[in-house]
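Only a predicted model underlies this, so the values are computations on that prediction, with no experimental measurement involved. Proteins get letters first, then strands, A, B, ... in listed order; numbering begins at 1 in each.
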Amino acid sequence: MGQIDLTVTIAGKTLPNPVGTASGTFGFGEEYSPLIDINALGAIYTKALTPEERPGNTPPRLAETTAGLINSIGLANPGLNKFLTEKVPILQNITAPIIVNVAGATQSDYIKVCEAMEECAPVWGVELNVSCPNVDHGGMSFGTSPPLLARLVAAVRKVIKKPLIVKLSPNVADISEPARAAEDAGADALSCINTLTAMKVDIHRRKPLIPRGTGGLSGPAILPIGVAAVWRSAKAVKIPVIGVGGISRPEDALEYLLAGACAVQTGTTLFTHPNTPLRVLSGIEQYMEQQGFQSISELHGFF
Amino acid sequence: MGQIDLTVTIAGKTLPNPVGTASGTFGFGEEYSPLIDINALGAIYTKALTPEERPGNTPPRLAETTAGLINSIGLANPGLNKFLTEKVPILQNITAPIIVNVAGATQSDYIKVCEAMEECAPVWGVELNVSCPNVDHGGMSFGTSPPLLARLVAAVRKVIKKPLIVKLSPNVADISEPARAAEDAGADALSCINTLTAMKVDIHRRKPLIPRGTGGLSGPAILPIGVAAVWRSAKAVKIPVIGVGGISRPEDALEYLLAGACAVQTGTTLFTHPNTPLRVLSGIEQYMEQQGFQSISELHGFF
Amino acid sequence: MIQNQHNSEHPPCIQRTGKILANRSIARGCGEIRIGWNGAEIHPSPGQFLTLAPRRYPLPLLRRPYAYSSADSSGFGFIYQIRGPGSAELAELRPGDETDWLGPLGTGFPPPEPASRPILIAGGTGIGPIFYLAVALKEHGPLVVTGAREANLLPRLHWPPGVHVLPCTEDGSAGIAGTVMDALKETDTSSAEFYTCGPAPMMEAVHKLALEQNRPCWVSVEEIMACGVGACQGCAVSAADDTGTTYQRACLEGPVFNSRKLKWDR
Amino acid sequence: MIQNQHNSEHPPCIQRTGKILANRSIARGCGEIRIGWNGAEIHPSPGQFLTLAPRRYPLPLLRRPYAYSSADSSGFGFIYQIRGPGSAELAELRPGDETDWLGPLGTGFPPPEPASRPILIAGGTGIGPIFYLAVALKEHGPLVVTGAREANLLPRLHWPPGVHVLPCTEDGSAGIAGTVMDALKETDTSSAEFYTCGPAPMMEAVHKLALEQNRPCWVSVEEIMACGVGACQGCAVSAADDTGTTYQRACLEGPVFNSRKLKWDR
Ligand SMILES: Cc1cc2nc3c(=O)[nH]c(=O)nc-3n(C[C@H](O)[C@H](O)[C@H](O)COP(=O)(O)OP(=O)(O)OC[C@H]3O[C@@H](n4cnc5c(N)ncnc54)[C@H](O)[C@@H]3O)c2cc1C
Ligand SMILES: Cc1cc2nc3c(=O)[nH]c(=O)nc-3n(C[C@H](O)[C@H](O)[C@H](O)COP(=O)(O)OP(=O)(O)OC[C@H]3O[C@@H](n4cnc5c(N)ncnc54)[C@H](O)[C@@H]3O)c2cc1C
Ligand SMILES: Cc1cc2nc3c(=O)[nH]c(=O)nc-3n(C[C@H](O)[C@H](O)[C@H](O)COP(=O)(O)O)c2cc1C
Ligand SMILES: Cc1cc2nc3c(=O)[nH]c(=O)nc-3n(C[C@H](O)[C@H](O)[C@H](O)COP(=O)(O)O)c2cc1C
Ligand code: FES
Ligand code: FES
């Protein structure tokens with residue numbers, strides 16, 4: 001195993017391995033520490049962070065579907081101040097790279113949080129969440145309009161030198177357009193995909209299970225949608241693309257990597273099997289060994 | 001049971017009940033006749049029809065995913081001439097309403113087929129397929145650009161008086177935009193959704209399972225995406241909306257109806273359980289009876 | 001004895017594979033499962049819960065939460081009602097089968113105040129944690145009021161000496177005829193400390209009674225959960241809070257809450 | 001006797017629930033299932049197939065196609081290899097369990113031309129339809145060549161008198177050492193009518209041999225299927241056609257094709 005190079009480079013900085021935990025599914029890092037060796041992760045993408053504290057949406061916030069999960073958390077987070085005072089001391093003890101998922105209602109929200117992250121030592125980089133379908137002001141309009149997105153990314157780029165990842169929405173006709181817009185505006189990497197707009201109806205109460213009506217769909221059901229989005233994005237840009245959506249097995253992650261992803265994130269499945277990211281990682285290593293690959297980057301470019 | 005009115009009215013014409021079979025999954029009607037009473041169906045939506053015969057895409061054309069199916073049939077169809085000479089004689093013996101799914105590369109393709117359908121007695125109405133993700137010239141660009149869609153629908157409207165249904169693509173940021181564009185241009189109804197762009201990779205051969213790379217995802221995995229699309233479309237327009245995507249049980253169809261659909265189509269599931277549409281229909285009837293509904297239209301408007 | 005988990009550090013949870021020791025029906029559509037520690041003994045308090053991985057993941061997708069109904073050196077147990085795909089799998093489990101459990105999770109019931117009499121009220125699936133609590137509090141001479149629609153829906157359980165049980169059935173086919181609230185009307189609750197788990201309307205009625213009587217009341221809520229460990233914010237319940245909307249996580253701050261700290265009018 | 005389904009009307013297919021009569025292992029990772037008619041006897045020809053509904057729909061999602069390996073008044077059978085989720089379910093079936101089958105589907109093998117000798121070549125899962133065909137053609141004294149990597153992968157079957165069987169193993173652990181093509185080299189094929197089912201490279205090799213010898217050759221192809229009844233166009237196979245790209249449906253025009261009508265160079 002020692003032969004294989006699992007590191008991933010983004011904007012000149014390295015991640016120790018390609019498997020991270022998806023934003024919103026792993027809190028700010030500590031909640032899962034009794035259950036998995038979090039320092040063995042390739043990266044921890046935090047829950048979205050906004051300037052102000054947000055309580056989140058009216059419950060219930062979750063609904064199960066066939067092989068999928070609808071969530072409507074609504075960017076519930078402690079806000080920038082509490083993050084700095086309460087979360088950062090915990091993050092300092094984690095050696096896995098911390099990537100902070102940043103959200104906001106306005107461009108200045110994003111800038112405020114990114115400025116703070118640039119100064120915050122334990123933060124490896126940021127992931128701009130321009131694709132949350134679960135709040136009225138969660139950045140989704142940035143994610144679905146390439147010109148708006150370009151303006152936002154360019155503005156944020158000015159205040160941050162750390163790796164800047166832009167997380168794209170699958171709720172578009174052609175994902176290569178926002179992908180190119182983000183690259184041109186200075187993003188260091190992309191991640192695809194956020195959740196898909198979805199609804200479940202309680203046919204007995206005759207109301208949506210989630211008070212807002214729609215929420216975001218994640219889980220194994222969306223894997224093939226995410227793989228297609230990564231393939232199209234990776235073909236459209238030169239910067240690295242991170243694959244996320246529906247990964248529950250090493251084979252799923254390998255689909256993303258072969259389709260052009262430089263790294264992956266696991267989300268929903270770790271609720272059920274907390275060890276998922278590390279099981280996926282060792283499966284990737286095993287595949288690479290059996291097939292004679294020396295480094296992750298060799299997995300791309302077959303189609 | 002006699003009390004319940006199951007008919008659905010579109011542009012002044014009625015369908016005997018709200019459950020039809022989705023385009024492309026039921027051929028031109030006759031293939032399933034040994035297995036189910038096709039005249040008990042609310043409607044049969046045919047495979048896409050184009051002016052010229054199309055052989056379809058290079059095989060393999062199918063790939064299974066978790067609770068989903070990717071297809072890349074590519075509008076394989078006999079073309080207008082063979083349809084008129086070979087299929088129409090069979091359709092004449094079917095009493096269930098026949099709705100012809102129309103596709104094309106250009107506006108004049110759509111017009112050519114629609115003109116012929118207007119003259120073709122056994123055809124109840126047409127469904128414009130502006131949302132096929134599986135061919136380069138399959139109308140998907142119409143479906144994802146509201147102005148193009150409006151122009152197409154207005155042009156087709158001029159040549160057809162029969163009910164004109166426009167089938168929308170879920171591969172958009174906000175489905176209410178094409179929904180409104182189609183309504184304003186004269187569509188009599190909408191159907192949502194067509195398949196989602198998706199990919200499955202063969203990690204051993206290191207190639208997509210489907211030669212084109214991406215195909216269209218259908219099946220239970222997409223149910224909550226379809227329900228959300230119908231809810232949003234139905235809120236945006238006054239014309240009836242037909243729900244399709246992932247229906248395998250009466251409960252699924254009821255989710256669509258409660259979310260605002262006037263009728264539904266079942267596709268992928270009938271491959272596995274040919275009796276699905278009739279089982280779904282009797283489940284809807286039973287629910288309506290138990291809950292005291294007299295007609296399908298009473299199911300809307302709760303949220 | 002039980003420890004007060006409120007405002008204290010949580011013992012870390014663990015995830016293990018356990019062997020089913022027993023699975024018996026205790027009422028119509030309701031069973032009790034006992035699972036061996038298999039070398040990983042922990043000490044959950046009453047009101048805490050575990051989650052079980054679905055055997056046929058991803059159908060259903062999420063782990064299912066169940067409150068402990070017992071835990072001793074031989075293993076632990078919980079009581080389940082058959083509702084959907086997750087619980088249907090439970091009914092199939094046979095002694096020797098293995099299951100993937102994760103626990104202990106959440107914050108359990110606090111011990112009663114001195115000189116108060118614990119009154120425990122259970123409805124439906126709430127019986128599991130209430131049974132475990134009654135056993136833990138048996139020296140306090142708790143009163144347990146359990147309700148069901150009819151006799152064969154009332155779980156058959158072996159209550160220890162010291163616990164006074166008042167079964168109620170709505171159709172009068174066993175115990176007191178009426179709801180648990182009818183039974184409580186006949187009871188002296190002036191020194192009560194209320195503990196309740198069951199359907200929300202029942203818990204709300206107990207909460208209101210406690211308000212009237214100015215007595216403490218602890219409720220254990222049921223909310224759909226994804227992570228179970230406080231990471232996803234999915235299990236939020238609305239807190240009583242004049243200053244704006246705030247939420248508590250049922251899986252971490254709960255499932256047991258001081259009833260006065262929750263918003264009941266949603 | 002078998003009927004020539006080519007260019008003839010198809011008998012309509014039916015969908016029924018059948019009870020498993022037997023399920024036995026016939027080689028490593030390979031079993032044979034027999035199912036009762038339960039009042040719905042049909043008469044499939046060799047090469048035709050049925051589809052089975054997955055028991056845990058929607059995982060997997062689609063019905064699974066299997067070629068008949070037998071059909072008589074007591075029921076019908078097929079041979080399956082364990083590959084993925086669908087076939088894993090088959091291995092669990094016990095006598096008395098029920099299964100949802102749909103058949104007969106597709107176009108089977110035509111009868112041999114007069115004065116030709118049927119030579120049947122099977123590899124892997126192709127053994128089922130070839131066995132059924134051999135039984136149907138036993139008066140013609142068919143030669144059956146079956147290949148596998150090693151002895152315990154060769155299905156154990158009761159061939160009827162009149163059928164000459166030539167087993168081959170690549171490692172020489174049983175029968176002729178080598179592939180089916182090695183065995184065919186030692187055989188007089190000058191009056192052969194070839195019938196083959198198995199891995200595509202094997203069938204292509206048989207097709208080429210038939211071309212060389214100028215003898216007829218029938219192949220049964222395997223393509224992933226959704227509807228199985230000709231409605232979805234999902235099971236297309238490329239046809240040999242100079243005038244452009246055309247396709248045939250494996251489930252309706254096939255799975256058995258004249259090998260000269262298929263495109264082999266994709
Ligand atoms: C802290 C806690 C303790 C519980 N203790 C018990 C107990 O001791 N005994 C008992 O019988 N039941 C208990 N429940 C409820 C139990 O978790 C559900 O009955 C079970 O999840 C239903 O799953 P299902 O697949 O059988 O049914 P489904 O048809 O999936 O669901 C039936 C109901 O259970 C709810 N539910 C589904 N999934 C979850 C989930 N992941 N988390 C929470 N609720 C869910 C649904 O919202 C629905 O109302 C508890 C729930 C919680 C939150
Ligand atoms: C006409 C026909 C006759 C067949 N006869 C036999 C037989 O007699 N004995 C036998 O063992 N196998 C036979 N097969 C193959 C059998 O259908 C597959 O092995 C089975 O579908 C695999 O399903 P799985 O879930 O076990 O494996 P998977 O892991 O799902 O698939 C394994 C392989 O089977 C293919 N496959 C999966 N689903 C289908 C499907 N719906 N239709 C066709 N292929 C599929 C996949 O492409 C893959 O290559 C036949 C196939 C066809 C088309
Ligand atoms: C409960 C939950 C909360 C989420 N919160 C966020 C978030 O705050 N920011 C974000 O960018 N994505 C968020 N996501 C999306 C995930 O990061 C991920 O993109 C998506 O779930 C698909 O991956 P999966 O199928 O592996 O879960 C959330 C997902 C879930 C299930
Ligand atoms: C094999 C296959 C072929 C299809 N062909 C067409 C088509 O020709 N025209 C069209 O509008 N939709 C086509 N569709 C989409 C379906 O009509 C339907 O919109 C989609 O499958 C979602 O419904 P389902 O999940 O019930 O299958 C096809 C779907 C499948 C699976
Ligand atoms: S279930 Fe995830 S925070 Fe409670
Ligand atoms: S599988 Fe549908 S046409 Fe053959």
### Query
What part of D:Arg64 is in contact with chain B, defined as an atom under 4.5 angstrom from a non-hydrogen atom: side chain, backbone, both or neither?
side chain

### Task
Check whether the side chains of B:Asn77 and B:Thr50 place a donor and an acceptor atom closer than 3.5 Å, and report yes or no.
yes

### Query
For B:Thr268, is it the side chain, the backbone, both or neither that has a heavy atom under 4.5 Å from a heavy atom of chain D?
side chain

#### Entry: Heavy-atom pair count under 4.5 Å with chain B, highest-scoring of D:Pro54, D:Cys235, D:Ala226
D:Ala226

#### Entry: Residue among B:Glu31, B:Glu53, B:Glu30, B:Lys47 with most heavy-atom pairs under 4.5 Å to chain D
B:Glu31

### B:Phe28 ring center near B:Phe83 ring center (under 6.0 Å)
yes

### Message
Any salt bridge linking D:Arg94 with D:Glu89? Criterion: basic side-chain nitrogen under 4.0 Å from a carboxylate oxygen.
### Response
no

### Task
Consider only side-chain N and O atoms of D:Ser70 and D:Arg34, and report whether a donor and an acceptor are under 3.5 Å apart.
yes

### Query
Which bit of D:Ile14 is near chain B, if near means a heavy-atom gap under 4.5 Å: side chain, backbone, both or neither?
backbone

### B:Tyr45/B:Phe26 aromatic ring centres below 6.0 Å
no

### Task
Would you please indicate if the ring centroids of D:Tyr68 and D:Phe76 are separated by under 6.0 Å?
yes

### Task
Side chain from CB out, backbone as N, CA, C, O: work out which of these in B:Thr66 comes under 4.5 Å of a heavy atom of chain D, or both, or neither.
both

### Query
Side chain, backbone, both or neither: which part of D:Leu52 has an atom under 4.5 Å from a heavy atom of chain B?
neither

### Query
So which part of D:Pro85 gets closer than 4.5 Å to some heavy atom of chain B, the side chain, the backbone, both or neither?
neither

